[in-house]
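A short write-up of the structure that comes next.
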Amino acid sequence: MIIDPNTPETVYAESTRVACEGEGGALGHPRVWLQMGNDGFVDCGYCDRRFILTGGPADTREAAA
C-alpha cells in the first residue's frame with residue numbers, strides 16, 4: 001500500500017481486499033477487513049480513510065497529471 005502524502009487519508013492499494021487499523025497504535029481502531037466494489041474504492045467506517053485500487057476506476061492520479 002502507498003499512502004499519498006498530499007492527502008494522508010487516501011491509501012492506494014494493490015488489492016481489492018484491504019485491512020485498516022487506523023493510526024496511533026493503541027489509539028487506533030480494531031482491525032477491519034474491507035472489500036472494494038466495482039467502483040475501485042472503499043471507505044473505512046471507523047476512521048474515514050479511503051482505500052483506492054491502484055490503476056482502478058477511482059485512481060485519478062494519471063488523469064490529474
Sub-4.5 Å side-chain heavy-atom contact between Tyr12 and Asp59: yes

Partner set under salt bridge (charged side-chain N to carboxylate O under 4.0 Å, His left out) for Arg17, not counting sequence neighbours: none

Asp39: salt bridge (charged side-chain N to carboxylate O under 4.0 Å, His left out) partners, not counting sequence neighbours: none

OG1-CD distance between Thr54 and Glu14, expressed to the nearest 0.5 angstrom: 4.0 Å

Under 3.5 Å donor-acceptor, Thr10 side chain and Arg50 backbone: no

Partners meeting side chain to side chain contact (heavy atoms under 4.5 Å, CB included) with Leu34 (sequence neighbours left out): Val18, Cys20, Val32, Val42, Cys44, Phe51

Option among Arg31, Arg49, His29 that satisfies the side chain to side chain donor-acceptor pair (under 3.5 Å) test with Glu21: Arg31

Ser15: partners by side chain to side chain donor-acceptor pair (under 3.5 Å), with sequence neighbours left out: none

